[in-house]
Undergrad: 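Here it is, the structure in full.
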Amino acid sequence: MLTLMQLYGKLLDSYGHQGWWPIIGHEGNNPTKTGSIKGYHPKDYSFPRNDCERFEICIGAILTQNTNWANVEKSLINLCNKDFLSPQKIIDNFDKVRELIKPSGYYNIKAKYLLNFSRFYFELSKRAPARNELLAVKGIGRETADSILLYAYNEPIFVVDAYTKRLVKGLGLLDTEDYETIRAYFEANLPRSFEIFSEFHALIVEHAKHYYSKKPYRLNDFLK
DNA sequence: TTCCAGGCAATAC
DNA sequence: GTATTGCATGGA
């Protein structure tokens, strides 16, 4: 039976370091990414480097809900060009923000989500949020909360997404779709390391884009 | 043209 | 707790 560390090693050998979470404006370069997608920073775990980047990660985590990252990037660039990547600017310019985030879809509800989160973030005043505090914000569900804790605050929380659920089922690791059960499984069987958790989740997404996207899913027994 | 994308909340049972 | 539905743009 494959251990999770062995699975992690195989994914890392196959796809290399992913450099998540992408930061727009950062001149990153990842050979596994193509086109206009930028902002990845392989082997550099020093992010976020400031409060602006931390907030950008949080906003991106909300905008990418059920949405391709290339579309999210367009919205983030729109916001960045207007210097709107701060909680105060989003609070003060709701209608403009709503227009600027159209490329990433669901723009009416996501604009409200960004407003809700911005108010919450402003009230935090630099303090790190607790998981249950994040979950109390309308628009922040479990995956978004955990993405924020992991990538914006470097806390060792394992992020579970739709791809992770397909992978654990496909490899026969677990027979459940339950978010907390899957998260507990990864967290209990891996070193409690922010670097490993962030890299592992990114690798699962990269792998699943190749094998667990369009049905029927492709065989990936080389991981077993 | 159809399908898919790094979910979430509301609702119904 | 599980199942269903609306939310929307843009690329393959």
Side-chain angles (χ1 to χ4, degrees), chain A residues 11 15 17-24 28 30 32-42 47 56-79 97-118 120 131-152 157-170 175-184 186 197-218:
Chain A
L11 289 170
Y15 304 105
H17 294 81
Q18 296 301 300
W20 276 38
W21 187 278
I23 303 289
I24 65 155
N30 186 333
T32 69
K33 301 293 191 292
T34 59
S36 63
I37 310 270
K38 301 188 191 307
Y40 295 88
H41 41 86
F47 292 81
E56 179 191 322
I57 292 169
C58 298
I59 295 307
I62 292 169
L63 293 179
T64 199
Q65 291 168 2
N66 202 38
T67 300
N68 187 300
W69 184 259
N71 285 8
V72 175
E73 212 172 50
K74 296 180 200 304
S75 292
L76 287 176
I77 289 168
N78 285 346
L79 291 170
V97 167
R98 184 171 158 281
E99 297 299 313
L100 293 172
I101 65 169
K102 278 191 175 179
S104 46
Y106 308 132
Y107 60 91
N108 285 303
I109 52 174
K110 280 180 178 173
K112 290 180 185 171
Y113 291 174
L114 293 188
L115 177 61
N116 294 341
F117 178 77
S118 294
F120 168 74
R131 188 170 193 260
N132 58 1
E133 291 179 312
L134 283 167
L135 291 173
V137 178
K138 285 284 183 259
I140 309 290
R142 285 175 295 201
E143 185 190 337
T144 307
D146 292 343
S147 294
I148 288 171
L149 291 170
L150 178 65
Y151 292 106
I157 310 285
F158 201 90
V159 177
V160 176
D161 66 346
Y163 286 144
T164 310
K165 293 180 180 180
R166 296 174 194 174
L167 181 71
V168 297
K169 181 168 284 189
D175 185 27
T176 179
E177 299 259 322
D178 182 71
Y179 186 99
E180 299 298 348
T181 303
I182 297 171
R183 182 169 75 91
F186 278 90
F197 285 12
S198 57
E199 197 69 73
F200 206 156
H201 171 67
L203 285 165
I204 287 173
V205 173
E206 182 62 24
H207 174 71
K209 282 176 178 173
H210 296 294
Y211 292 90
Y212 292 99
S213 187
K214 292 184 180 182
K215 288 184 177 180
Y217 300 144
R218 293 173 58 196

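So that the names make sense, note that chain A is the first sequence line, chain B the second, and so on, each numbered from 1.
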Undergrad: CD1/A:Ile24 to CG/A:Leu79 distance, rounded to the nearest 0.5 angstrom?
TA: 8.0 Å
Undergrad: Give me the ring orientation class for A:Tyr211 and A:His207: parallel if the planes are under 30° apart, tilted from 30 to 60°, perpendicular past 60°.
TA: parallel
Undergrad: Provide, to the nearest angstrom, the distance between the CZ atom belonging to A:Arg142 and the C1' atom belonging to B:dA9.
TA: 12 Å
Undergrad: Roughly how far, to the nearest 0.5 Å, is CD1 of A:Ile148 from CD1 of A:Ile157?
TA: 12.0 Å
Undergrad: Describe the nucleic acid contact of A:Ala61 in one word from base, sugar-phosphate, nothing, applying a heavy-atom distance below 4.0 Å.
TA: nothing
Undergrad: Mind calculating the distance between CD (A:Glu143) and C1' (B:dG7) to the nearest angstrom?
TA: 7 Å
Undergrad: Looking at side-chain heavy atoms only, is the closest gap between A:Val160 and A:Glu143 below 4.5 Å?
TA: no
Undergrad: Less than 4.5 Å apart, side chain to side chain, heavy atoms only: is that true for A:Phe197 and A:Val159?
TA: no
Undergrad: Just how far is it from atom OG of A:Ser75 to atom CD1 of A:Ile59, taken to the nearest 0.5 Å?
TA: 11.0 Å
Undergrad: Check every strand shown and say whether A:Ile140 touches a base, only sugar-phosphate, or nothing at a heavy-atom separation below 4.0 Å.
TA: sugar-phosphate
Undergrad: Under 4.0 Å between a side-chain N/O of A:Arg166 and OP1 or OP2 of B:dA5, yes or no?
TA: yes
Undergrad: Starting from the 5' end of DNA chain B, give me the residue, A:Trp20 or A:Lys138, whose nearest nucleotide shows up first.
TA: A:Trp20
Undergrad: Whole-Å distance between B:dG7 C1' and A:Leu134 CG?
TA: 15 Å
Undergrad: Can you measure A:Arg183 atom CZ to B:dG7 atom C1' for me and round it to whole angstrom units?
TA: 17 Å
Undergrad: Starting from the 5' end of DNA chain C, give me the residue, A:Asn71 or A:Asp178, whose nearest nucleotide shows up first.
TA: A:Asp178
Undergrad: Provide the distance between the two P atoms, one in C:dG10 and one in B:dC8, to the nearest whole Å.
TA: 22 Å
Undergrad: When all nucleic acid strands are considered with a 4.0 Å heavy-atom cut-off, which category describes A:Asp161: base, sugar-phosphate, or nothing?
TA: sugar-phosphate
Undergrad: Counting any heavy atom closer than 4.0 Å, what does A:Val160 reach on the DNA or RNA strands: base, sugar-phosphate only, or nothing?
TA: nothing
Undergrad: Can you tell me the distance, in whole Å, between the CD atom of A:Glu177 and the P atom of C:dT4?
TA: 13 Å
Undergrad: Could you label the plane-to-plane angle of the A:Phe186 and A:Phe158 rings as parallel, tilted or perpendicular, counting under 30° as parallel and over 60° as perpendicular?
TA: parallel
Undergrad: Mapping A:Lys214 and A:Val137 onto DNA chain B by nearest heavy atom, which one lands closer to the 5' end?
TA: A:Lys214
Undergrad: With a 4.0 Å limit, can you tell me whether A:Lys74 has a side-chain N or O closer than that to the phosphate oxygens OP1/OP2 of C:dG11?
TA: yes
Undergrad: For A:Ile62 and B:dG7, give me the distance from atom CD1 to atom P, rounded to whole Å.
TA: 14 Å
Undergrad: Between C1' on B:dC3 and OH on A:Tyr217, what's the gap in Å once rounded to a whole number?
TA: 13 Å
Undergrad: Got a second to check how far A:Leu149's CG is from A:Tyr151's OH, nearest 0.5 Å?
TA: 12.5 Å
Undergrad: Show me the protein contacts with nucleotides 5-8 of chain C, counting only N or O atoms at under 3.5 Å.
TA:
residue	atom	partner	partner atom	Å
C:dA8	OP1	A:Tyr106	O	3.2
C:dA8	OP1	A:Tyr107	N	3.1
C:dA8	OP1	A:Asn108	N	2.7
C:dA8	OP1	A:Ile109	N	3.3
C:dA8	OP2	A:Asn108	ND2	3.1
C:dA8	O4'	A:Tyr106	N	2.8
C:dA8	N6	A:Tyr106	OH	2.3
C:dA8	N1	A:Tyr106	OH	3.2

Undergrad: Check this one for me: any side-chain N or O of A:Thr64 less than 4.0 Å away from OP1 or OP2 of B:dG7?
TA: no
Undergrad: Can you tell me how far P of B:dG7 sits from CG of A:Asn68, to the nearest Å?
TA: 11 Å
Undergrad: Need one value for A:Ser147: base, sugar-phosphate or nothing, where a base atom within 4.0 Å counts as base even if backbone is also close, heavy atoms only.
TA: nothing
